[in-house]
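The structure appears below as structure tokens.
Just so it is clear, the structure is predicted and the values come from calculations on it, not from any experiment.
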Amino acid sequence: MRKMSLALSLALSLALSLAATPLSPPPAYGAAAFVPAPTTAYARAFIAEAEGQAWFLGEIERLLSVEQKSINTLEGTADLDNIRGLGLNGAGISGFIPRAAGRLRNLEYLSLANNRLSGSVPAELLALPRLSNVDLSHNAYSGMVPAGFGDMPALEILLLKGNGYSAPLPASLLRNTKIRVLDISDNAFRDILPAGLGGMSGLEYLAAGQNDWYGTIPDSLAGLARLETLSLWGCDFYAGPVPGFLYGMASLRILDLAENRFTGGISSAVGDLANLELLSLGGNPLGGMIPAELGRLSALTALDLRDCQLGGAIPAALGDLAAAELIHLGGNQLRGELPGRVRALADKSPACRLILTGNYLVGESAGEIEDNQGNLIAGARDQFRLSGPSRLRVFSDRSVNIYNSLYYWGINGAVGGDKYRLGPDSYGITIEGDPMGKISIGRNSDGIYLTALLGWQEALLLSDGVYAVIWLRGDEGEGYATARIQLTTEDFDRDDSGPPAGGVIGGGGVGGGVGGFVPIPGIGFALPPLPAGAGGSAGEPHQAWIGGYDDDEIRPDIGVTRAEIATMLIRLLPGDMMRRAPSLSDVTASHWAYGSIIAACQAGYLTGYPEGDFRPGRVITRAELAACLIRLYEAGLSPGRAVGAVSIAGQSYPDVSGGEWYGAAVLKAKALGLMVGMGDGRFHPGDPVTRAQCVVALNRFLGRKAEADVLTWENPFKDISPSHWAYRDILEASLSHYHFQ
């Protein structure tokens, strides 16, 4: 089961209030033991149609006993007319719903959620004239949602969450205009979200998240004039920005699109959703700035914009969200001061919880917020500072990208490996000690470039006091987001030690070789003892080569950086270290992956860029990983695979023509089964490689398949479950074990 979205968990009670009929039945009662001993013909027929389902007979007997009746003495259907509800939620029952349920002609609600029921739903039940509320959530149903649900005359609430339904939704259901609440989330649907949902004009609540819907959200949903809740979180929607028509659905109170792949910015039109009480867009690669128009949403109680790529300053207009109980802005690239009006929300009564972790905020106001870790805040523990090399050589015949020299480190001494440079436009720069203006500054989308103007080198050498001062725009002079780097034209032994003594993660590793790199924080790197009775050579050791984070998450969907892929390859592959250790301008001995990066370059696994840098924080693309794996394969480094020509005849992708620099490698990776396309049949060469995708590709490259009993292993990660597509590969790669043929 996937974890519930932040937005949906906060909104559950609100969403359920949309239904006039209670969505949850009275507390479930344990079915009493019942021994059939029918004395009437009707009783015998009823028991026969119960089809041996003891749980059903026991519950009906319990309900009849309230009227001093018994199944054994039933005379006719009228004896069952007072049974209006059948509720065994979470009763641990298994089996199926029998045909006898169709004899409960006055049944209004059926709640059998959180059990182990499977099979088909009987047509007799689907024909009941008054049944308005059906909850079969969290059972073991699969295949197609029964078409009969769409034809039920009184059905208003249909909850099928957490089953295994996978076939396309039946046309009869999509034609139903009476259903008000439909929850088909957390199933196994993998397709385009059906446009026919727009024909269910009675919908007030639609939850279809936690499925593998892909492509775009159909604009036919704009016709759902009564829709108050739309939850499509945790899917695979990817085609561009959040669809604009959603901003025009004035009836919406809950909009949850978290954890998809929407890009672009958040439209200012979001301010037109005047009734919105909860907005969740977290976990999408949305960029741009937070629109100030969000401040117009006076009814908003929860705003979830976590883990996007939002930048710039936090708009002061968010301080107008007087009803807000939660504002989650963590894991973005927000910078500058926290506006006082927003800070005041934490002091109102009742207080609003502000989550600001993992941004680039400066100043004192954000430091007073409890959830502010990982910012650039003066005086706060475990925060980060901006830094760079102590000296940087500049030249008169070429430019030097000083932007590539920037990095962050914690004030407690630890290098901030999870803090990356923002775009060059996010930084200001000035030159100190250069009154004659002999340092030229240039910018583009890739960096900030310094050039020494001709004829001044000697003067600069004599000065010994020329500095480049770089700061994050919005820093008010605290010094926590400012780097001061001495400039010189003189050749020197690099001093890129960065943080003070004690601040280097991993120690050693300097001077080439593998020694000194530190595993990604996590568990399971030590091999367990061999199982009882196994000989010392009976099992092949499979060392863990990827780990989780300190919060027990594996974070399968975040991108993999060049530093991380270097570390993985050094753990996995042998290397001769025959090449000369490279000099990389942006990888110093203080970098957490210094030893791995140097070793990977020496072994020829990876190379730096022509400019002399490595760009360790840059996320690799799917095309780049394919090219890397094919290069390693052709060098004979893929265990168990005979090196030889790889035919790409018959291999193709709609978005890979073969003429690109990566084209042949992508098609070879497909032919070898190392990497395959996405759900839409395309390869998406420019998309970032996620940790899950990287694990699967490297396991295939190594010929390591998940053990047969992997599903019985203890799962150390709280953010994946056996339903995750890469679950088996992730455990294979993250838990050291012995493999037995």
Decide yes or no on side chain to side chain contact (heavy atoms under 4.5 Å, CB included) for Arg473 and Ser426, but give the supporting numbers first.
-> CA-CA 6 Å; Arg473 297 187 191 276; Ser426 297; 5.8 Å; no

Less than 4.5 Å apart, side chain to side chain, heavy atoms only: is that true for [X] and [Y]?
{"X": "Thr621", "Y": "Val689", "answer": "no"}
{"X": "Ile179", "Y": "Ile157", "answer": "no"}
{"X": "Leu305", "Y": "Ile266", "answer": "yes"}
{"X": "Leu310", "Y": "Leu334", "answer": "yes"}
{"X": "Leu356", "Y": "Asp371", "answer": "no"}
{"X": "Leu160", "Y": "Asp135", "answer": "no"}
{"X": "Asn133", "Y": "Ser111", "answer": "no"}
{"X": "Arg353", "Y": "Glu325", "answer": "no"}

No-hydrogen, no-angle side-chain donor-acceptor test under 3.5 Å, Arg130 and Asn106 | yes

Compute whether any side-chain donor of one residue and acceptor of the other, for Asn114 and Asn89, lie under 3.5 angstrom apart.
-> yes

Keeping the roles fixed (side chain from [X], backbone from [Y]), state whether a donor-acceptor pair exists under 3.5 Å.
{"X": "Asn176", "Y": "Gly150", "value": "yes"}
{"X": "Thr690", "Y": "Ile558", "value": "no"}
{"X": "Arg443", "Y": "Pro424", "value": "yes"}
{"X": "Asp183", "Y": "Leu159", "value": "no"}
{"X": "Asn187", "Y": "Ser185", "value": "yes"}
{"X": "Asn359", "Y": "Asn332", "value": "yes"}
{"X": "Asp307", "Y": "Gly283", "value": "no"}
{"X": "Ser251", "Y": "Leu227", "value": "yes"}

With rounding to the nearest 0.5 angstrom, report the [atom1] to [atom2] distance, [X] to [Y].
{"X": "Leu300", "Y": "Leu294", "atom1": "CG", "atom2": "CG", "value": "7.5 Å"}
{"X": "Leu257", "Y": "Asp304", "atom1": "CG", "atom2": "CG", "value": "10.5 Å"}
{"X": "Leu203", "Y": "Thr177", "atom1": "CG", "atom2": "OG1", "value": "10.0 Å"}
{"X": "Phe237", "Y": "Asn284", "atom1": "CZ", "atom2": "CG", "value": "11.0 Å"}
{"X": "Leu182", "Y": "Thr229", "atom1": "CG", "atom2": "OG1", "value": "12.5 Å"}
{"X": "Trp725", "Y": "Asp212", "atom1": "CH2", "atom2": "CG", "value": "10.5 Å"}

Do Val181 and Leu206 pass the side chain to side chain contact (heavy atoms under 4.5 Å, CB included) test, and can you show the C-alpha distance, the side-chain angles, and the key distance before you say yes or no?
-> CA-CA 6 Å; Val181 177; Leu206 173 59; over 6 Å; no

Over all heavy atoms of both residues, which pair between [X] and [Y] is shortest? Give the atoms and the distance, please.
{"X": "Leu128", "Y": "Ala101", "value": "CD1-O, 3.8 Å"}
{"X": "Trp233", "Y": "Asn260", "value": "CA-ND2, 4.0 Å"}
{"X": "Ser267", "Y": "Pro291", "value": "O-CG, 4.1 Å"}
{"X": "Gly559", "Y": "Val619", "value": "CA-CG1, 3.8 Å"}
{"X": "Asn139", "Y": "Asn115", "value": "OD1-C, 3.0 Å"}
{"X": "Leu472", "Y": "Tyr360", "value": "CD2-O, 3.3 Å"}

Between Arg682, Gln693, Arg261, which is the residue that forms a side-chain hydrogen bond (donor to acceptor under 3.5 Å, both in side chains) with Asp687?
-> Arg261

Residues two or more places apart in sequence or in another chain: which of them pass side-chain hydrogen bond (donor to acceptor under 3.5 Å, both in side chains) with Arg341?
-> Asp320

For His684, the ring pair (Phe, Tyr, Trp, His ring centres under 6.0 Å) test, sequence neighbours excluded, returns Tyr238

Apply side chain to side chain contact (heavy atoms under 4.5 Å, CB included) to Thr561 and Ile620, showing your working.
-> CA-CA 6 Å; Thr561 66; Ile620 65 171; over 6 Å; no

Salt-bridge criterion met for Arg691 and Asp557 (N-O under 4.0 Å) = no

Looking at Tyr205, does the NZ or CZ of Arg180 lie under 6.0 angstrom from its six-membered ring centre and within 45 degrees of the ring axis?
-> no

For Leu338 and Ile314, run side chain to side chain contact (heavy atoms under 4.5 Å, CB included): C-alpha distance rounded to whole Å, both residues' side-chain angles, the deciding distance at 0.1 Å, then the answer.
-> CA-CA 7 Å; Leu338 177 66; Ile314 297 174; 3.7 Å; yes

